[in-house]
Amino acid sequence: MKKIIYLLLFPLILTACDSEADNKAQERKLFDEVISIHNEVMNYEGMILENKAKLDTLAKMLKDKSLQDSVLTLSENLQQADAAMSEWMHQFEPDYSQKTHKEAIKYLADQKASITQIDSVTKKAIKASWQFLSNHKQ
């Protein structure tokens with residue numbers, strides 16, 4: 001009788017193990033997507049700092065107040081993009097192992113949305129600064 005019970009429980013145990021493995025794979029895939037976006041944004045760090053330095057130097061040299069205000073706004077946008085990335089990295093918790101599958105997926109999806117927004121803001125700030133700098137070479 002015990003053998004029959006074990007034989008009936010065996011498929012359930014296998015299904016539970018497969019489901020757990022699928023859950024972990026799903027979590028890992030989402031985590032990898034978050035980290036991939038993070039790494040891409042980190043590649044922009046040098047561009048942010050370089051363009052901000054150029055803009056800050058240009059702002060000091062300009063006499064036209066409206067042009068100077070534009071430069072300072074572009075510089076501030078770069079600073080905000082950099083600060084957003086720093087804040088995200090500070091609050092990001094890469095160890096989600098204590099969360100349930102549902103909690104982990106929600107957390108990682110939220111983090112992906114957040115880092116994707118930072119990526120967008122960063123690219124926009126860099127593009128605007130490049131355009132301005134290319135039109136106002138010193």
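The first residue of the sequence shown is numbered 1, and numbering continues consecutively from there.
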**Q.** Pairs meeting criterion salt bridge (charged side-chain N to carboxylate O under 4.0 Å, His left out) with involvement of residues 75-95, two or more places apart
**A.** none

Q) Does Met85 share a hydrophobic cluster with Val121, counting links as ILVMFWY side-chain heavy atoms below 4.5 Å and allowing steps through other members? A) no

Q.
Can you confirm whether Gln91 is buried at CD, in the sense that more than 12 heavy atoms of other residues, nucleotides or ligands lie under 6.0 Å from that atom?
A. yes

Q.
Suppose we screen for side chain to side chain donor-acceptor pair (under 3.5 Å). Which residues come up paired with Glu45, at least two apart in sequence or across chains?
A. none

Q | Nearest-0.5 Å distance that lies between atom CG in Leu78 and atom NZ in Lys54 | A | 11.5 Å

Q. For Thr122, which residues count as a side-chain contact (heavy atoms from CB on, under 4.5 Å) partner, sequence neighbours excluded?
A. Val41, Tyr44, Ile48, Ala81, Ile118, Ile126

Q.
Once side-chain contact (heavy atoms from CB on, under 4.5 Å) is applied, do any residues pair with Lys24, and if so which ones, sequence neighbours excluded?
A. Glu20, Glu27

Q. With sequence neighbours left out, what residues match Asp119 under salt bridge (Lys or Arg N to Asp or Glu O under 4.0 Å)?
A. Lys123

Q: Mind checking ring pair (Phe, Tyr, Trp, His ring centres under 6.0 Å) for Trp130 and listing every partner two or more places apart, or none if nothing turns up?
A: none

**Q.** Heavy-atom pair with the smallest gap, counting every atom of Val34 and Ile115
**A.** O-CG2, 4.2 Å

Q: Apply salt bridge (Lys or Arg N to Asp or Glu O under 4.0 Å) to Lys29 and list each qualifying residue two or more places apart in sequence or on a separate chain.
A: Glu33

Distance-only criterion, 3.5 Å: show the donor-acceptor pairs between side-chain atoms of residues 68-75 and protein atoms not counting sequence neighbours.
| residue | atom | partner | partner atom | Å |
| --- | --- | --- | --- | --- |
| Gln68 | NE2 | Ala59 | O | 2.7 |
| Asp69 | OD1 | Lys65 | NZ | 3.1 |
| Ser70 | OG | Ser66 | O | 3.2 |
| Thr73 | OG1 | Asp69 | O | 2.9 |
| Ser75 | OG | Lys52 | NZ | 3.1 |
| Ser75 | OG | Asp56 | OD1 | 2.6 |

Q.
List the residues meeting salt bridge (Lys or Arg N to Asp or Glu O under 4.0 Å) with Lys60, not counting sequence neighbours, and say none if there are none.
A. none

Q. Sequence neighbours excluded, which residues qualify as side-chain contact (heavy atoms from CB on, under 4.5 Å) partners of Ser120?
A. none

Q. In chain order, what residues pass the ring pair (Phe, Tyr, Trp, His ring centres under 6.0 Å) check against Phe31, with sequence neighbours excluded?
A. Tyr96

Q: Find the distance between NZ (Lys127) and CG (Asn51) and round it off to the nearest 0.5 Å.
A: 14.0 Å

(Q) Within the 4.5 Å heavy-atom criterion, are His101 and Ile105 side-chain neighbours or not? (A) yes

Q. Is it true that a side-chain atom of Ser114 and a backbone atom of Asp110 form a donor plus acceptor pair closer than 3.5 Å?
A. no

Q. Honestly curious: do Leu49 and Leu55 fall in one hydrophobic cluster under the side-chain, below-4.5 Å linking rule?
A. no

(Q) Give me each pair satisfying ring-ring contact (aromatic ring centres under 6.0 Å, His included) with a member in residues 53-89, each pair once, sequence neighbours excluded. (A) His38-Trp88, Trp88-Phe92

